[in-house]
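A short write-up of the structure that comes next.
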Amino acid sequence: MAPAQQVQVSPPPILSILETTLVAPSPSAGAAPPESSLPLTFFDVLWLTSPPVERVFFYRLAADADVPAILSNLKTSLAKALGAYYPLAGRLRLTPGTADRYEIYYQPGDGVTFTVAEYRDDVGFDDLVADKPREVRKIAPLAPPLPKGGAVLALQATVLHRGLAIGMAVHHAACDGAISTRFLHTWAAAVTGAVAPSPPVIDRTLVKDATGLYDVFVKAMPSADEMEHVKLLDDKLLATFTLSKGDIQRVKDVVAGEAGRRGAAPPRCSSLVATFGFMWSCYQRAREDAGSNGGDRPTYLVFPVDHRARMNPPVPDEYLGNCVGGAMHAAPMDKLVEAGAGGLFVACTAVAAAIEEAVRGIRSPETIALWLDKFREAAMAGMWTVAGSPRFRVYEVDFGFGRPAKVEIMSVARTGAMAVAEGRSGRGGIELGISLPAAAMQSFQKCFQDAIDSLHHQ
């Protein structure tokens with residue numbers, strides 16, 4: 001009798017796809033969106049080869065919630081929201097007849113893929129939205145993939161046990177976070193009947209390029225492999241850390257005190273500077289504890305700065321496109337990892353300097369032309385990047401069943417960035433999402449808690 005063979009049984013998929021439809025923009029103000037092409041600007045082409053930005057919004061549902069009605073309303077309202085944001089229903093393509101000009105092309109009949117799925121895993125809603133480290137593989141499928149063929153936006157509603165997850169993937173070359181989250185606020189308002197934000201301004205001529213910055217950037221464009229510098233690993237975890245308003249004020253006080261002790265001018269320490277400085281110092285200390293001793297070599301923090309109000313002439317807040325630049329500054333590793341006031345002072349001073357240089361440099365085409373060179377220099381030396389902003393008000397995106405229980409930027413598990421949002425309690429704190437392998441996450445958790453304890457005992 002032949003021995004029994006061992007059969008490998010694959011685990012069941014976490015998601016069951018119930019429906020995938022193409023939602024076309026509905027007529028806005030009585031007129032259907034016209035065929036149109038939006039040329040990419042120098043701000044947009046910077047992101048041409050980057051992976052999509054993925055966000056997931058978790059909502060609790062009442063036990064008696066009419067889920068089919070909710071899903072139907074989401075789809076109908078999506079068409080209304082896309083009526084104003086119709087370029088997001090288009091696709092990214094090489095402009096016909098050119099070798100290096102790109103555009104977002106929309107024609108009637110185009111639409112956005114809207115997927116309805118059901119979560120089949122046994123993980124409960126409370127576990128999915130917890131701040132503690134969770135497995136990335138349990139959350140990543142809640143953000144949809146971007147369909148092939150140049151799509152710039154995809155959406156997904158996943159039914160959970162007594163909850164709903166709304167996931168979004170958006171190509172960064174189409175727009176920045178200020179506009180993609182503004183679109184979500186518009187969609188939510190269409191669902192509830194609330195007053196929508198003012199409509200987007202669809203005019204790429206508002207971003208002037210008198211010195212040919214587009215040509216500089218398109219020639220130096222990083223490959224997809226260079227941009228996607230951290231791969232999505234099966235063993236990665238995702239965790240949320242919150243700095244309260246009191247924690248942030250304490251960082252500011254400690255930095256000001258250390259400046260006085262050193263006889264140095266204190267850095268301009270806004271809440272964002274204090275938060276980034278604190279987290280950057282913790283992150284580098286955790287890496288050192290894990291055996292990544294960098295000595296006195298420089299390492300960089302790189303984060304986005306919205307330049308709409310600083311352009312000449314200023315670009316409106318509603319401008320549909322990218323208008324962000326990268327702020328970056330180096331600090332010596334051994335100074336950053338100092339416990340207590342020393343590391344905080346060095347980190348916050350570098351972050352404040354990065355903002356000052358970014359704000360000053362946006363008026364200089366020569367400085368802007370060096371952005372990619374500086375980015376490559378930072379990548380070679382070692383850098384940590386930031387995604388999101390507390391200004392996006394993601395915890396106010398209410399589709400009619402209350403504020404989100406949790407919002408995640410899932411793509412940080414792929415890029416290694418730190419996700420940033422306003423604190424969900426509404427009390428002035430800032431929420432940070434970090435994705436690391438298990439051992440590195442444990443080290444970061446310890447460094448974070450030690451730094452919090454030290455902060456309030458100094």
Side-chain angles (χ1 to χ4, degrees), residues 33-50 53 84-88 90-106 150 152-153 170-183 197-222 227 302-329 354-376 378 389 391-392:
E35 180 179 0
S36 62
S37 61
L38 276 184
L40 297 197
T41 70
F42 68 88
F43 278 121
D44 302 320
V45 79
L46 282 168
W47 304 99
L48 198 55
T49 55
S50 63
V53 179
Y85 285 82
Y86 65 87
L88 298 184
R91 61 189 175 90
L92 194 59
R93 72 174 188 180
L94 193 64
T95 303
T98 73
D100 61 2
R101 260 43 191 174
Y102 294 85
E103 65 183 13
I104 297 171
Y105 173 67
Y106 171 81
V152 297
L153 177 66
V170 63
H171 198 305
H172 211 321
C175 63
D176 54 28
I179 286 298
S180 64
T181 50
R182 197 179 187 91
F183 163 75
S198 47
V201 175
I202 303 171
D203 181 2
R204 292 286 167 93
T205 66
L206 292 169
V207 172
K208 309 299 180 189
D209 185 14
T211 58
L213 289 167
Y214 180 98
D215 292 320
V216 172
F217 289 152
V218 81
K219 284 172 187 164
M221 193 165 56
M227 288 298 290
V302 181
F303 54 94
V305 173
D306 191 323
H307 288 303
R308 282 172 173 78
R310 301 185 185 98
M311 300 298 286
N312 187 19
V315 171
D317 289 345
E318 300 86 357
Y319 168 75
L320 194 158
N322 283 282
C323 203
V324 293
M328 61 188 82
H329 200 84
I355 294 173
E356 187 180 322
E357 289 169 9
V359 169
R360 192 173 62 240
I362 194 60
R363 298 284 177 145
S364 163
E366 295 79 13
T367 302
I368 297 172
L370 296 174
W371 279 357
L372 277 176
D373 289 339
K374 287 184 70 178
F375 182 84
R376 283 199 175 93
S389 166
R391 295 180 180 175
F392 296 162

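Note that this is a predicted model, so its numbers are computed, not measured.
We find the NE2-OG distance between H172 and S50 to be 6.5 Å, quoted to the nearest 0.5 Å. Here I202 contributes atom CD1 and L88 contributes atom CG; the two are 8.0 Å apart, rounded to the nearest 0.5 Å. I368 contributes atom CD1, which lies 7.0 Å from atom OG1 of T211 (distance to the nearest 0.5 angstrom). In this structure, CG on D44 lies 9.5 Å from SG on C323, to the nearest 0.5 angstrom. Once rounded to the nearest 0.5 Å, the distance linking CZ of F303 with NE2 of H329 reads 10.0 Å.
Minimum interatomic distance between Y85 and R182 (heavy atoms only, all atoms of both residues): OH-CG, 3.5 Å. Here the closest non-hydrogen pair linking A174 and L320 is O-CD2, 4.0 Å. Across all their heavy atoms, A327 and A354 have their closest contact at CB-O, 3.7 Å. Shortest non-hydrogen contact noted between V216 and A369 is CG1-O, 3.9 Å. Nearest heavy atoms, Y106 versus P34: CD2-O, 3.3 Å. Between R308 and A178, the closest heavy-atom pair is NH1-CB, 4.1 Å.
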Check step by step if side chain to side chain contact (heavy atoms under 4.5 Å, CB included) holds for I104 and L40.
CA-CA 7 Å; I104 297 171; L40 297 197; 4.2 Å; yes
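Counting heavy-atom neighbours within 6.0 Å of R93 CZ, excluding the residue itself, gives a total above 12. More than 12 heavy atoms of other residues, nucleotides or ligands shown are found within 6.0 angstrom of CD on E35.
Checking side-chain atoms of T98 against main-chain N and O of T95 turns up a donor-acceptor pair under 3.5 Å. Put simply, the side chain of R310 gets close to the backbone of D306: a donor and an acceptor are under 3.5 Å apart. No donor-acceptor distance shorter than 3.5 angstrom exists from the side chain of R204 to the backbone of S37, with no hydrogens or angles considered. Looking at D373, its side chain never comes within 3.5 Å of a backbone N or O of L370 through a donor-acceptor pair.
Checked by atom type, the side-chain pair N322/D176 shows no donor-acceptor distance below 3.5 Å.
Using the six-membered ring where Trp is involved, F217 and W371 have ring planes that are parallel, under 30° apart on the 30 and 60° scheme.
For the pair V152/V170, no side-chain contact is recorded, criterion being any heavy-atom separation below 4.5 Å from C-beta on. In this structure, Y214 and V45 have side chains that are in contact, with non-hydrogen atoms separated by less than 4.5 Å. Y105 places none of its side-chain heavy atoms less than 4.5 Å from the side chain of L38. The shortest distance between side-chain heavy atoms of Y86 and S36 falls below 4.5 Å. Inter-residue side-chain proximity for H171 and L153 is flagged as unmet; no heavy-atom pair is nearer than 4.5 Å. The shortest distance between side-chain heavy atoms of P96 and R101 does not fall below 4.5 Å. Considering only heavy atoms from C-beta on, E103 stays 4.5 Å or farther from R91 through its side chain. Contact of the L48 side chain with the L92 side chain is registered, since non-hydrogen atoms from C-beta on lie closer than 4.5 Å.
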